[in-house]
Student: 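Structure below; questions to follow.
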Amino acid sequence: MKQTAVVTAGTAGIGLETALGLAEAGFAVTVVGRDAERGARAVERINATAPLQSAQFLAADLSSLDAVRALADRIAADGPLTVLVNNVGAMFPDRRDSVDGIEATFAVNHLSPYLLTELLLPELRVGAPSRIVNVTSGAIGVAKRVFDAVEPPGGYYGFHWYGRAKLANLAYTLELAGRLEGTGVSVFAADPGGAATDMTNGTMSDPKIVSPGLRLLWPLVRRKFERSTSGPASVAAKPSIFAANDGSLTGRTGVVIGPQAHPVAPFRPATDPRIAEAVRRLSERLAPLTG
């Protein structure tokens with residue numbers, strides 16, 4: 001059976017480097033993005049590596065739940081799926097809503113990959129042994145750990161809201177791994193560490209993205225962060241490629257792959273069943289599987 005892989009936000013940066021790595025490993029790769037021109041360039045670059053299978057591009061605005069549902073239908077029409085890499089991510093300096101009226105950071109970083117994954121589980125089961133890779137972030141360490149509502153109490157601070165959405169997604173990832181145990185579908189989280197990408201360029205210089213208590217220290221924290229995000233995207237993609245394809249993970253699930261592309265202990269709050277349950281309830285309410 002043909003080995004197939006889907007990489008969201010796969011037209012540039014870490015996503016494109018992940019797609020290139022999977023194509024070189026023999027996968028027929030589909031990259032997802034918003035811009036058709038960038039998609040065409042990404043496909044051209046992937047195909048220039050002489051993969052066994054030609055790449056394709058699918059256009060989708062992953063901030064829209066209806067667009068995610070339509071994307072899942074298009075992917076499902078191609079048949080069994082071997083690897084799904086939820087690479088999409090976004091951080092905003094100012095609060096904004098998605099087209100569904102949901103705070104955009106949570107919509108893009110958690111609800112979008114959650115919904116796409118749940119809708120594609122039938123294709124992943126047919127494609128088993130298969131893998132789901134959800135890209136996480138070290139920003140989960142500054143996240144508020146309350147998920148009774150889409151937004152926590154208090155003012156909006158982009159870096160913290162981004163970390164909270166990624167924490168929700170990591171809790172979901174580990175819960176999903178347990179739920180799918182024994183099905184042949186393995187679930188992993190991959191932490192890319194840092195790289196200079198469209199998301200980080202310029203965003204981190206705005207002190208409004210952090211809470212007032214952190215702003216005095218932010219110049220020091222930001223310089224440290226910017227040093228860690230100065231590496232190439234090709235290096236930051238290695239944890240995702242490892243999680244998606246490395247033979248040492250065969251038969252394993254619920255593993256977090258760290259920036260050095262080897263398993264690391266998960267962030268403890270993400271393993272809390274109370275957080276996982278709160279995230280599940282909120283996700284099912286905000287992003288039902290049928291529109």
Side-chain angles (χ1 to χ4, degrees), residues 1-90 108 112-135 185-188 190 192 195 197-199 233-234 236-246 289 291:
M1 184 168 60
K2 182 171 72 172
Q3 298 282 96
T4 59
V6 170
V7 182
T8 64
T11 62
I14 297 171
L16 176 56
E17 294 295 338
T18 301
L20 286 164
L22 293 178
E24 290 171 359
F27 288 85
V29 177
T30 296
V31 291
V32 178
R34 289 179 298 175
D35 188 282
E37 290 187 8
R38 289 177 68 168
R41 289 196 298 268
V43 166
E44 182 179 7
R45 183 175 169 189
I46 294 167
N47 288 339
T49 66
L52 297 176
Q53 311 284 345
S54 295
Q56 69 168 334
F57 166 73
L58 292 178
D61 178 359
L62 295 175
S63 68
S64 163
L65 298 179
D66 281 344
V68 172
R69 295 184 185 99
L71 173 65
D73 287 342
R74 292 159 69 191
I75 294 170
D78 287 338
L81 181 59
T82 313
V83 168
L84 171 63
V85 181
N86 287 304
N87 173 74
V88 67
V108 174
S112 168
Y114 157 79
L115 182 59
L116 184 63
T117 299
E118 292 291 330
L119 292 172
L120 289 177
L121 286 181
E123 284 64 45
L124 287 157
R125 287 190 174 99
V126 174
S130 56
R131 300 186 185 188
I132 299 163
V133 180
N134 290 333
V135 176
V185 183
S186 296
V187 187
F188 303 99
T197 66
D198 289 347
M199 187 185 78
S234 58
K238 288 182 178 180
S240 292
I241 297 169
F242 182 91
N245 187 51
D246 196 88
L289 302 190

Student: Under the side-chain hydrogen bond (donor to acceptor under 3.5 Å, both in side chains) rule, collect the residues that match up with Asp73, sequence neighbours excluded.
Tutor: none
Student: I need the minimum non-hydrogen distance between Ala233 and Gly13, along with the two atoms involved.
Tutor: CB-C, 3.6 Å
Student: For Asp246, which residues count as a side-chain contact (heavy atoms from CB on, under 4.5 Å) partner, sequence neighbours excluded?
Tutor: Phe242, Ser248
Student: Closest approach of Glu118 and Leu289, non-hydrogen atoms and distance?
Tutor: CB-CD2, 3.6 Å
Student: For residues Pro192 and Pro239, report the shortest heavy-atom separation together with the two atoms involved.
Tutor: CA-CG, 4.2 Å
Student: Does Ala190 offer a backbone N or O that forms a donor-acceptor pair with the side chain of Ser240 under 3.5 Å?
Tutor: no
Student: How would you list all residue pairs meeting salt bridge (Lys or Arg N to Asp or Glu O under 4.0 Å) that involve residues 48-58, not counting sequence neighbours?
Tutor: none
Student: List the atom of Val32, the atom of Phe57, and the distance in Å for their closest heavy-atom pair.
Tutor: C-CE1, 4.2 Å
Student: What residues, two or more places apart in sequence or in another chain, satisfy side-chain contact (heavy atoms from CB on, under 4.5 Å) together with Asn47?
Tutor: Val43, Pro51, Ser54, Ala55
Student: Please find the pair of heavy atoms, one from Gly10 and one from Ala42, that lie closest to each other, and give the distance.
Tutor: O-CB, 4.2 Å
Student: Roughly how far, to the nearest 0.5 Å, is the CZ atom of Phe27 from the CD1 atom of Ile46?
Tutor: 13.5 Å
Student: Counting only pairs under 3.5 Å, give me each side-chain donor-acceptor contact of residues 75-83, with atom names and distances, residues two or more places apart or in other chains.
Tutor:
unit_1 : atom_1 : unit_2 : atom_2 : d
Asp78  : OD2    : Gln56  : NE2    : 3.0
Thr82  : OG1    : Thr4   : N      : 3.0

Student: Which residues pass the salt bridge (Lys or Arg N to Asp or Glu O under 4.0 Å) test with Arg74, sequence neighbours left out?
Tutor: none
Student: For Thr117, what residues pass the side-chain contact (heavy atoms from CB on, under 4.5 Å) criterion, not counting sequence neighbours?
Tutor: Leu84, Asn86, Leu121, Ile132, Asn134, Tyr172, Leu176
Student: Measure across Ala72 and Leu120 and return the closest heavy-atom pair with its distance rounded to 0.1 Å.
Tutor: O-CD2, 3.7 Å
Student: With sequence neighbours left out, which residue pairs that include part of residues 121-131 fulfil the salt bridge (Lys or Arg N to Asp or Glu O under 4.0 Å) condition?
Tutor: none
Student: What side-chain donor-acceptor pairs closer than 3.5 Å can you find for residues 16-23, not counting sequence neighbours?
Tutor:
unit_1 : atom_1 : unit_2 : atom_2 : d
Glu17  : OE2    : Arg45  : NH2    : 3.2
Thr18  : OG1    : Ile14  : O      : 2.8

Student: Just to verify, what does Arg41 make a side-chain contact (heavy atoms from CB on, under 4.5 Å) with, not counting sequence neighbours?
Tutor: Glu37, Arg38
